[in-house]
Every structure is written in structure tokens, then in C-alpha cells.
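Okay, structure first, notes after.
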Amino acid sequence: MMIASLPLDQILWLVGILLAAGFATGILAGLFGIGGGAIIVPVLYEVFGVVGVPDALRMHLAVGSALAIILPTALRSFFAHRSRTKINTGVLRQWVVPIVIGVLAGTALAAVSPDRVLQLAFVVFAVLMSIRLLFARDSWVLADDLPGPWPMRLYGAFIGVIASLVGISGGGIAVAILSLYRVPIHQAIATSSGLGALIAVPGVIGYVLGGWPHLAELPPLSLGFISLPGAVLVGSVAVLAAPLGAKLAHRFSKRQLEVGFGLYLALMGLRFLVALVSG
């Protein structure tokens with residue numbers, strides 16, 4: 001079963017879900033300095049299941065489509081934050097090359113990995129990040145200043161690999177890393193929002209190439225492991241909502257932001273863990 005065989009009311013319901021997910025993605029992109037992949041990957045995974053995408057390809061298509069959505073959303077979030085908060089451009093410069101290398105390695109790994117590997121990567125990411133957000137204390141720091149060039153490059157490569165496997169902009173991981181070195185939360189969020197383009201461009205190329213041999217099994221208007229309808233519906237709304245999220249970020253306390261995102265990640269991690277255990 002693919003989209004054309006669905007009744008009209010179900011198609012409209014799916015479109016509504018995607019538009020709502022786009023709004024939530026944009027808001028959270030602005031709030032947390034992320035591209036919104038942690039929001040949209042679980043939503044797309046469920047939608048692709050409804051329209052009949054084979055289970056072996058659902059996670060790949062969800063992650064690839066999320067990376068396509070991240071690019072405009074993260075850029076809009078970055079420019080919105082830059083007008084309000086000082087961006088640490090030194091960190092971004094240090095991370096450019098390592099992140100791109102990490103993304104290329106991650107997309108190559110994803111292309112040859114079973115669906116369950118990507119699900120497991122999302123579970124590990126969601127669990128670790130939710131623990132960090134829900135239970136972290138200000139005393140959880142590694143140092144009072146950022147480390148030297150090589151540790152920062154290794155952090156960048158790590159962010160790139162995980163982001164391309166999970167379908168995120170890397171902002172959530174980057175915020176956690178910067179916070180461990182006492183970078184103020186709002187500056188960490190603003191700086192991390194600049195990672196989206198670094199991750200999304202090579203990530204999208206990798207998922208397009210990786211999914212090309214599977215086009216016959218994918219929904220109409222798929223470009224490799226990128227669903228163009230999903231990317232357009234979610235991405236267009238997310239881009240419009242991102243500046244609102246950036247504005248809202250300055251109305252919430254650090255703890256409120258951490259708890260809200262931490263709870264969401266915990267729920268999504270649990271959902272994919274159930275799928276892994278039952279599958």
C-alpha cells in the first residue's frame with residue numbers, strides 16, 4: 001500500500017499530522033537551538049508506516065527526510081538567535097571540518113546498516129540526552145573553559161556521526177557538550193543552532209545516494225531516502241515557526257527548557273525501544 005491507495009480522509013489526516021509536526025519542529029528548533037530532527041523522526045516513522053513503506057526502510061526514510069528539513073529550519077533558527085545572543089564563532093570554526101567528516105562517515109554507515117541499527121542509535125541518543133537534561137546539575141562540568149583544538153575536533157566528529165545516524169542537527173548534543181564547559185545555556189543554544197547546515201548538506205547527499213537503489217520500494221516523489229512531500233510539508237511550517245521559538249527561548253528558565261525537552265526525548269526513546277524489543 002502506498003499513498004495513492006489511501007482514502008482521502010486518511011490522506012488529509014496525515015497531512016494535518018505533518019503540518020502540526022512542522023510547527024512543533026520549528027518552535028523547538030528555536031527554543032533549543034536544534035534542527036528539530038528529534039521531533040520529526042518519530043512522527044515520520046509512524047506516517048511512513050501508515051502509507052506502507054517497508055519496515056526495513058522506514059527509519060532510513062525518516063532520518064533522511066529529517067535531515068532535509070533541518071537545513072532551512074536550522075538556518076532560520078540560527079539567524080533568529082544571532083540577532084539576540086552572541087554566537088561563539090570560534091567553536092563553529094573548529095567544528096566545521098570534523099563535523100562534515102563525521103557526517104560522511106555516519107551516512108556511509110547508515111547506507112549499509114539494518115533499520116534496527118538506526119533505531120538503536122536513536123534510543124541511545126534519546127536516553128543519554130534525557131538523563132542529561134532531566135537530572136543534570138550545575139555541578140556537572142568537566143572544566144571551566146573549553147578544551148584545546150584536538151578535543152574540540154573529536155567532539156565535532158562525534159556530533160557529525162551521531163547526527164547523521166539519528167537525523168538531528170546535532171544542536172542538542174552540542175548544547176550538552178558546551179554546557180559541560182560552563183558555556184551559558186542561551187549562548188550554547190545560539191551557537192549550536194549554527195550546526196544545522198554543516199550536518200544537513202552532506203547528510204542529505206549521503207541519504208539520497210544511499211536510497212537510490214531502493215526507489216521502487218519507496219513512496220512516490222522520494223529522492224533516495226528523502227521524502228519530498230514530507231520534507232516540504234514539515235519544513236515549510238517549521239521555517240515559519242522557528243523565529244517564534246527563538247523568541248520564546250528567552251522567556252523560559254534554563255531548567256524549564258531542559259525538563260521539557262528531556263521528557264519528550266525520554267518518551268520517544270521508549271517508543272523506539274518498544275519497537276526494537278517487539279520487532
Side-chain angles (χ1 to χ4, degrees), residues 1-29 34-70 73 110 113-127 129-130 163-169 172 203 207 211 214 217-238 241 260-279:
M1 180 181 70
M2 284 294 177
I3 295 173
S5 63
L6 295 177
L8 180 60
D9 60 338
Q10 194 167 13
I11 293 176
L12 293 176
W13 178 80
L14 291 174
V15 169
I17 291 294
L18 290 174
L19 292 177
F23 183 77
T25 297
I27 292 294
L28 291 172
I34 62 176
I39 303 296
I40 196 57
V41 166
V43 174
L44 290 177
Y45 182 80
E46 302 297 343
V47 169
F48 293 148
V50 172
V51 301
V53 176
D55 288 344
L57 301 178
R58 281 169 66 188
M59 195 66 179
H60 292 77
L61 189 61
V63 170
S65 301
L67 287 172
I69 293 165
I70 280 169
T73 306
S113 297
D115 198 59
R116 293 172 65 84
V117 171
L118 273 67
Q119 292 182 24
L120 180 60
F122 192 94
V123 169
V124 172
F125 160 77
V127 169
M129 286 298 298
S130 62
S164 58
L165 286 176
V166 179
I168 59 174
S169 71
Y207 275 89
H214 304 281
E217 304 169 82
L218 296 172
L221 301 178
S222 292
L223 189 63
F225 285 131
I226 310 292
S227 169
L228 296 180
V232 170
L233 286 173
V234 177
S236 58
V237 178
F261 195 36
L263 288 173
Y264 175 81
L265 287 175
L267 289 174
M268 293 303 100
L270 179 62
R271 185 265 173 270
F272 280 108
L273 181 61
V274 170
L276 282 170
V277 172
S278 62

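Numbering of residues begins at 1 and proceeds along the displayed sequence. Not measured: the values here are computed from a predicted model.
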To the nearest 0.5 Å, what is the distance between [atom1] ([X]) and [atom2] ([Y])?
| X | Y | atom1 | atom2 | answer |
| --- | --- | --- | --- | --- |
| Met59 | Leu165 | CE | CG | 10.0 Å |
| Leu12 | Leu19 | CG | CG | 10.5 Å |
| Tyr207 | Ser164 | OH | OG | 6.0 Å |

Exercise for the section: Kindly write out the residues that satisfy side-chain contact (heavy atoms from CB on, under 4.5 Å) with Val43, not counting sequence neighbours, or none if the list is empty. Expected result: Ile17, Ala21, Ile40, Val47

Handout entry: Non-neighbouring partners of Leu267 that pass side-chain contact (heavy atoms from CB on, under 4.5 Å), sequence neighbours left out
Key = none

Taking all atoms of both residues into account, what is the closest heavy-atom pair of [X] and [Y], and its distance?
| X | Y | value |
| --- | --- | --- |
| Pro42 | Phe122 | CG-CZ, 3.9 Å |
| Leu218 | Gly211 | CD1-O, 4.0 Å |
| Glu217 | Pro54 | O-CD, 3.3 Å |
| Pro114 | His60 | C-CE1, 3.9 Å |

Handout entry: Side chain Ser130, main chain Val127, donor-acceptor under 3.5 Å
Key = yes

Flag the pair [X] / [Y] as yes when at least one side-chain heavy-atom distance between them is below 4.5 Å, and no otherwise.
| X | Y | result |
| --- | --- | --- |
| Ile27 | Phe23 | yes |
| Leu120 | Val117 | no |
| Val166 | Val41 | no |
| Leu44 | Val63 | no |

For residues 223-237, which side-chain N or O atoms pair as donor and acceptor with protein atoms under 3.5 Å away, sequence neighbours left out?
residue, atom, partner, partner atom, Å
Ser227, OG, Gly230, N, 3.3
Ser236, OG, Val232, O, 2.8
Ser236, OG, Leu233, O, 3.3

Practice task
Could you pull out all residues at least two apart from Tyr45 that satisfy side chain to side chain donor-acceptor pair (under 3.5 Å)?
Solution key: Gln119

